[in-house]
Amino acid sequence: MTVCIRPLTGDGSPPVQGSYPQAVEVTGPTRWLYLSGQIPVAPDGTLAADFTGQCEQVWSNIETQLVAADMTLDNLVKVTTFLSDRAHALENREVRIRRLAGRQPALTVIVTGLFEAAWLVEIEAVAAA
């Protein structure tokens, strides 16, 4: 059976800023992948000093985990982003839209403290295949 991931936004929904649906319907999955919070640390242990660099690294780390499960960004159905500061919201949106390139998983963005004070962003996700 083929998995179908369909973004939905019902009539009468509030407007959204950024590219994401209000819901995502998934039919026919045979495998689910739950990604732990991906942190902005590179494989060599380095940490970019700026938000864009950290956010790009998180997305690279997400893609690494997807590849390990023989999946791609096309398989994402839910993304939860944790920002250390509301000031990063627009930069986060720009990186996400660029990296997802038209894909529309369900999305939540939360402003909160992160485990390490130097981390500016962490992202967890769910994928289906």
Side-chain angles (χ1 to χ4, degrees):
M1 178 177 254
T2 301
V3 72
C4 179
I5 301 170
R6 184 170 69 124
L8 300 168
T9 297
D11 292 340
S13 296
V16 298
Q17 295 189 10
S19 180
Y20 68 93
Q22 293 290 340
V24 173
E25 177 185 55
V26 181
T27 56
T30 57
R31 294 187 304 129
W32 289 92
L33 178 67
Y34 295 86
L35 284 80
S36 296
Q38 297 299 297
I39 62 173
V41 177
D44 65 3
T46 60
L47 177 69
D50 66 318
F51 180 82
T52 296
Q54 286 195 22
C55 196
E56 291 284 355
Q57 184 61 58
V58 168
W59 280 105
S60 293
N61 294 346
I62 288 169
E63 288 192 82
T64 296
Q65 302 316 314
L66 290 168
V67 167
D70 197 28
M71 294 184 187
T72 70
L73 293 173
D74 293 330
N75 297 99
L76 288 178
V77 296
K78 175 70 171 100
V79 172
T80 304
T81 302
F82 302 91
L83 299 177
S84 66
D85 191 307
R86 187 176 321 279
H88 303 304
L90 291 179
E91 254 182 300
N92 174 63
R93 182 186 307 158
E94 290 169 3
V95 173
R96 182 186 70 245
I97 288 171
R98 183 174 63 255
R99 292 298 290 254
L100 290 179
R103 298 170 186 95
Q104 292 189 313
L107 174 71
T108 301
V109 179
I110 300 167
V111 178
T112 187
L114 299 177
F115 185 76
E116 290 289 336
W119 298 349
L120 304 176
V121 60
E122 182 173 345
I123 301 174
E124 66 180 24
V126 179

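Heavy atoms only: backbone and side chains are in, while hydrogens, waters and symmetry mates are out.
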Practice task
Write down the atom of Ala69, the atom of Arg31, and the distance for their closest heavy-atom approach.
Solution key: O-NH1, 2.9 Å
Handout entry: Inter-residue atom distance Ile39.CD1 - Glu116.CD, 0.5 Å rounding
Key = 8.0 Å
Problem - CA sep, side-chain torsions, deciding dist, call: Leu33, Asn75, side-chain contact (heavy atoms from CB on, under 4.5 Å) - result: CA-CA 9 Å; Leu33 178 67; Asn75 297 99; over 6 Å; no
Exercise for the section: Taking the side chain as every heavy atom from C-beta outward, state whether Leu120 and Asp85 have any pair of such atoms under 4.5 Å apart. Expected result: no
Completion exercise
Heavy-atom nearest pair, Pro105 first then Pro21, reads O-CD, 3.4 Å
Exercise for the section: Mind checking the NZ-CD1 spacing from Lys78 to Ile5? Nearest 0.5 Å is all I need. Expected result: 14.0 Å
Practice task
Might you point out which heavy atoms bring Ala128 and Met71 nearest each other, and give the distance in Å?
Solution key: C-CE, 4.3 Å
Practice task
Answer yes if Val95 and Leu100 sit in the same cluster of Ile, Leu, Val, Met, Phe, Trp and Tyr residues linked by side chain heavy atoms under 4.5 Å apart, and no otherwise.
Solution key: yes
Exercise for the section: State whether the number of non-hydrogen atoms from other residues, nucleotides or ligands found under 6.0 Å of Asp11 atom CG is greater than 12. Expected result: no
Problem - Asn61 vs Gln57, side chain to side chain donor-acceptor pair (under 3.5 Å): CA-CA, chis, key distance, verdict - result: CA-CA 6 Å; Asn61 294 346; Gln57 184 61 58; 2.8 Å; yes
Problem - Cluster overlap Val58 with Leu107, hydrophobic side-chain contacts below 4.5 Å - result: yes
Handout entry: Shortest non-hydrogen separation from Pro40 to Gln54 and the atoms involved
Key = CG-OE1, 3.3 Å
Exercise for the section: Answer whether the closest heavy-atom distance between the side chains of Thr27 and Glu25 falls below 4.5 Å. Expected result: yes
Practice task
Search all heavy atoms of Val121 against all heavy atoms of Leu114 and return the closest pair with its distance.
Solution key: N-CD1, 3.5 Å
Fill in the blank from the handout: OG of Ser36 to CD of Glu122, rounded to nearest 0.5 Å, is 9.0 Å
Exercise for the section: Answer whether the closest heavy-atom distance between the side chains of Val79 and Trp59 falls below 4.5 Å. Expected result: yes
Exercise for the section: Side-chain contact test, heavy atoms from C-beta onward, threshold under 4.5 Å: evaluate it for Val24 versus Gln104 and give yes or no. Expected result: no
Problem - Heavy-atom side-chain proximity of Arg96 to Asn92 below 4.5 angstrom - result: yes
Exercise for the section: Verify side-chain contact (heavy atoms from CB on, under 4.5 Å) between Ser60 and Arg99, making sure each step is shown before the conclusion. Expected result: CA-CA 9 Å; Ser60 293; Arg99 292 298 290 254; 3.3 Å; yes
Practice task
Give a yes or no on whether Phe82 and Ile62 share a hydrophobic cluster (residues Ile, Leu, Val, Met, Phe, Trp, Tyr; joining criterion: side-chain heavy atoms under 4.5 Å apart).
Solution key: no
Exercise for the section: List the atom of Arg103, the atom of Asp74, and the distance in Å for their closest heavy-atom pair. Expected result: NE-OD1, 2.6 Å
Handout entry: Any donor-acceptor N or O pair under 3.5 Å, side chains Asp50, Thr52
Key = no
Practice task
Would you mind reporting whether Leu66 and Thr72 have side-chain heavy atoms less than 4.5 Å apart?
Solution key: no
Problem - Pairwise side-chain contact, Tyr34 with Glu124, heavy-atom cut-off 4.5 Å (strictly under) - result: no
Problem - Over 12 foreign heavy atoms within 6.0 Å of CG, Asp70 - result: no
Exercise for the section: Say whether Val3 and Trp32 are linked into one hydrophobic cluster, either directly or through other cluster members, by side-chain heavy-atom distances under 4.5 angstrom. Expected result: yes
Handout entry: hydrophobic_cluster_shared for Leu35 and Leu73, side chain cutoff 4.5 Å
Key = yes
Completion exercise
To the nearest 0.5 Å, atom CZ of Arg86 lies from atom OG1 of Thr112 at 11.0 Å
